[in-house]
Enquirer: 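Below is the structure I would like to discuss, written out as structure tokens.
We count ligands from 1, going down the list as the structure has it; atoms in each ligand are counted the same way.
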Amino acid sequence: MNVLVLGAGQLARMMALAGAPLNLKVSAYDVRSGNLVHPVTLEVLGHGLENGIAGADIITAEFEHIAPDILSTCQASGKFSPGEEAILTGGDRRKEKALLDKAGVNNARYHTIQNREDFDTALSTIGVPMIVKSALDGYDGKGQWRLKSLDDIEPTWRDIAAFLQASHQGDRQCVIAEEFVPFDREVSLIGARNANGELEVYPLTENIHTDGILSVSVAAGENEALQTQAEAMFKAVADALDYVGVLAIEFFDVNGTLMVNEIAPRVHNSGHWTQQGAEVCQFENHLRAVCNLPLGSAARIRPTAMINIVGEVTVPDEVMRIAHVHWYDKAPRPGRKIGHINVCADTTAELSIILKDLASLLAENEFPALKDAASSLSK
Ligand code: ATP
Ligand code: MG
């Protein structure tokens, strides 16, 4: 079967690697150049969306910031999963918030802002501290403003007004103000849903961010109460979208109660641990779901952690003695994810020890959350 992925980054690459044993031939459509490329070698295979669609049995996406005309063309082919509506929803916080409300899942109070009047209404209804996010094109904490005190109001509004004015999205762009959630931890749930509505859901992952970018994800302990809450919200959101494929939901854990932060209609960075830590990884399960094949077990086979390799950092080969290294064949640039490291162990205590060993091989400033993750596991 031929699968076309919209987007030619590391997620398409890892889908291609996971699909090969199933004879699923994955190619990628680079939305910027219009080229059809091999997701692993990046060899150019052809050009143009129409050609890509013609050669594909199934179309899917590795990211949500895709022009609406591309999405509608794919939708019209009848081959697209999870489909236009799911991708548009993941890429637009307005639609995303409306979906969360419709699905009846707990999420932060918000107000949509198009002009100064809306901003003032947000300030009076939500108040400070407040976080403001762009509706479109946000990722890795980009397109966000944090108001911590009343002194931040005027300078932040000037920034937001300039941002809206300069947006290439024109009137489609706006910002959303959200109440600042005093969370204890951030966790995410990743799962696959097939066309019959069957689910395979991975255990919750705890995520540590540094400067808005995911640093470390840990899938170790069990928390049945949180898992039950998360799975109920996952089912509500996935059913509301009649979703087919892998879906990720990011949550805030506030004193044992989960609140949805955002959704990602795709395989997700916080699910990379499943490559070594689960029966069937998220990339394979995504392909299984969109190709209408039986879903694989999402059970965790052992405590596992994932550490992102971000920017210009050094990873000595010695790391391979204790961990699995996944490179994306990308040139290092500040803030750019160029690979990740998966670490597995038989027990949580052992995982903490191996993470400490790993930390001793890596520079602390290059892998800032690693030591914290290791010590929080040993508690
Ligand atoms: P991603 O790379 O996950 O797509 P993003 O840029 O889309 O990130 P969010 O996940 O919404 O943005 O926000 C980035 C981070 O900012 C969150 O992981 C969280 O740490 C913090 N954050 C976001 N919203 C809130 C909120 N309402 N209250 C407190 N912190 C928040
Ligand atoms: Mg996020």
Side-chain angles (χ1 to χ4, degrees), residues 7 9-11 61-66 86-97 99-101 105-113 122-123 125-149 152 156 160 163 173-190 204-218 230 233 237 246-255 257-272 282 306 308 310-311 335-337 340 368-369 372-373:
Q10 66 265 27
L11 302 180
E62 67 150 15
F63 74 131
E64 52 276 24
H65 302 303
I66 299 174
I87 305 293
L88 284 172
T89 304
D92 184 337
R93 287 191 198 277
R94 269 166 303 196
K95 286 178 83 68
E96 190 175 1
K97 282 294 201 179
L99 168 74
L100 298 177
D101 290 344
V105 299
N106 194 13
N107 67 96
R109 277 189 304 131
Y110 65 100
H111 190 77
T112 306
I113 298 173
L123 285 169
T125 54
I126 293 172
V128 174
M130 179 168 96
I131 182 157
V132 183
K133 305 177 179 180
S134 68
L136 304 172
D137 304 329
Y139 72 100
D140 286 348
K142 291 187 176 61
Q144 293 196 359
W145 298 265
R146 282 155 201 240
L147 285 92
K148 294 190 177 123
S149 74
D152 294 334
T156 306
I160 293 171
F163 170 81
Q173 186 62 283
C174 70
V175 296
I176 311 257
E178 270 179 23
E179 67 178 306
F180 194 86
V181 179
F183 57 80
D184 303 313
R185 316 183 295 147
E186 292 187 78
V187 295
S188 57
L189 194 78
I190 291 170
L204 276 169
T205 307
E206 179 164 354
N207 302 316
I208 306 171
H209 297 83
T210 308
D211 299 329
I213 300 178
L214 183 65
S215 273
V216 176
S217 290
V218 181
M233 291 194 248
V237 170
V246 161
L247 169 74
I249 305 191
E250 296 178 13
F251 299 94
F252 300 128
D253 173 0
V254 191
N255 231 339
T257 299
L258 292 185
M259 185 182 254
V260 174
N261 172 27
E262 59 171 357
I263 68 164
R266 55 173 166 80
V267 290
H268 193 258
N269 195 171
S270 68
H272 293 358
Q282 62 164 349
M306 187 243 28
N308 267 337
V310 181
R336 188 182 207 199
K337 294 171 183 168
H340 67 271
D372 282 355

Enquirer: Of the side chain and backbone of Asn261, name the one, both, or neither that has a heavy atom under 4.0 Å from an atom of ligand 1.
Expert: side chain
Enquirer: Return yes when atom NZ of Lys148 has more than 12 non-hydrogen atoms of other residues, nucleotides or ligands closer than 6.0 Å, and no otherwise.
Expert: no
Enquirer: What protein heavy atom lies closest to atom 7 (O) of ligand 1? Include the residue and the distance to one decimal.
Expert: Arg93 NH2, 2.9 Å
Enquirer: If you define the side chain from C-beta out and look only at heavy atoms, does anything of Glu62 sit under 4.5 Å from Val267?
Expert: no
Enquirer: Taking distance alone, with no angle check, do His268 and ligand 1 share an N/O pair under 3.5 Å?
Expert: no
Enquirer: Relative to atom 6 (O) of ligand 1, which among Gly141, Ser270, Gly138 owns the nearest non-hydrogen atom?
Expert: Gly141
Enquirer: Decide side-chain contact (heavy atoms from CB on, under 4.5 Å) for Glu96 and Asn261; before the verdict, give the C-alpha distance in whole Å, the side-chain angles of both, and the deciding distance to 0.1 Å.
Expert: CA-CA 10 Å; Glu96 190 175 1; Asn261 172 27; over 6 Å; no
Enquirer: For Phe183, take its heavy atoms, then give the atoms of ligand 1 lying under 4.0 Å from any of them.
Expert: 20 (O), 29 (C), 30 (N)
Enquirer: Relative to atom 14 (C) of ligand 1, which among Gln144, Glu262, Met130 owns the nearest non-hydrogen atom?
Expert: Gln144
Enquirer: How far is atom 23 (C) of ligand 1 from the closest protein heavy atom, and which atom is that?
Expert: Lys133 NZ, 3.3 Å
Enquirer: Do Gln10 and His340 have a side chain donor and acceptor closer than 3.5 Å?
Expert: no
Enquirer: What's the shortest heavy-atom distance between Val132 and Ile160, and which atoms?
Expert: CG1-CD1, 3.8 Å
Enquirer: Looking at non-hydrogen atoms alone, which of Glu178, Arg146, Glu186 comes nearest to atom 21 (C) of ligand 1?
Expert: Arg146
Enquirer: Can you list the ligand 1 atoms lying under 4.0 Å from a non-hydrogen atom of Glu250?
Expert: 3 (O), 10 (O)
Enquirer: Need the atom name: nearest N/O/S atom of Glu262 to the Mg ion (ligand 2).
Expert: OE2
Enquirer: Do Val181 and ligand 1 have an N or O pair less than 3.5 Å apart?
Expert: yes
Enquirer: Indicate whether the side chain of His209 and that of Glu186 have a donor and an acceptor atom separated by less than 3.5 Å.
Expert: yes
Enquirer: Is Met259 in contact with ligand 1, taking contact as a heavy-atom separation below 4.0 Å?
Expert: no
Enquirer: Do me a favour and list the nearest non-hydrogen protein atom to atom 26 (C) of ligand 1 with residue, atom name and distance?
Expert: Ile131 CG2, 3.6 Å
Enquirer: Nearest to atom 2 (O) of ligand 1, what protein heavy atom do you find, and at what distance?
Expert: Asp140 N, 2.7 Å
Enquirer: Give a yes-or-no answer on whether the side chains of Ser270 and Ser188 include a donor-acceptor pair shorter than 3.5 Å.
Expert: yes
Enquirer: When you measure from atom 25 (C) of ligand 1 to every protein heavy atom, which one gives the shortest distance, and what is it?
Expert: Phe252 CZ, 3.4 Å
Enquirer: Quick one: which ligand 1 atoms are inside 4.0 Å of a heavy atom on Glu179?
Expert: 26 (C), 27 (N), 28 (N)
Enquirer: Can you list the ligand 1 atoms lying under 4.0 Å from a non-hydrogen atom of His209?
Expert: 18 (O)
Enquirer: Which is the closest N/O/S atom of Glu250 when seen from the Mg ion (ligand 2)?
Expert: OE1
Enquirer: Less than 4.0 angstrom from a charged side-chain N to a carboxylate O is my criterion; do Lys97 and Glu178 meet it?
Expert: yes
Enquirer: If I compare all heavy atoms of Ile87 with all of Ala61, which pair ends up nearest, and what's the gap?
Expert: CD1-CB, 3.8 Å
Enquirer: State whether the number of non-hydrogen atoms from other residues, nucleotides or ligands found under 6.0 Å of Asp184 atom CG is greater than 12.
Expert: yes
Enquirer: May I ask you to decide whether Arg185 forms a salt bridge with Glu206, counting only side-chain N to carboxylate O separations under 4.0 Å?
Expert: yes
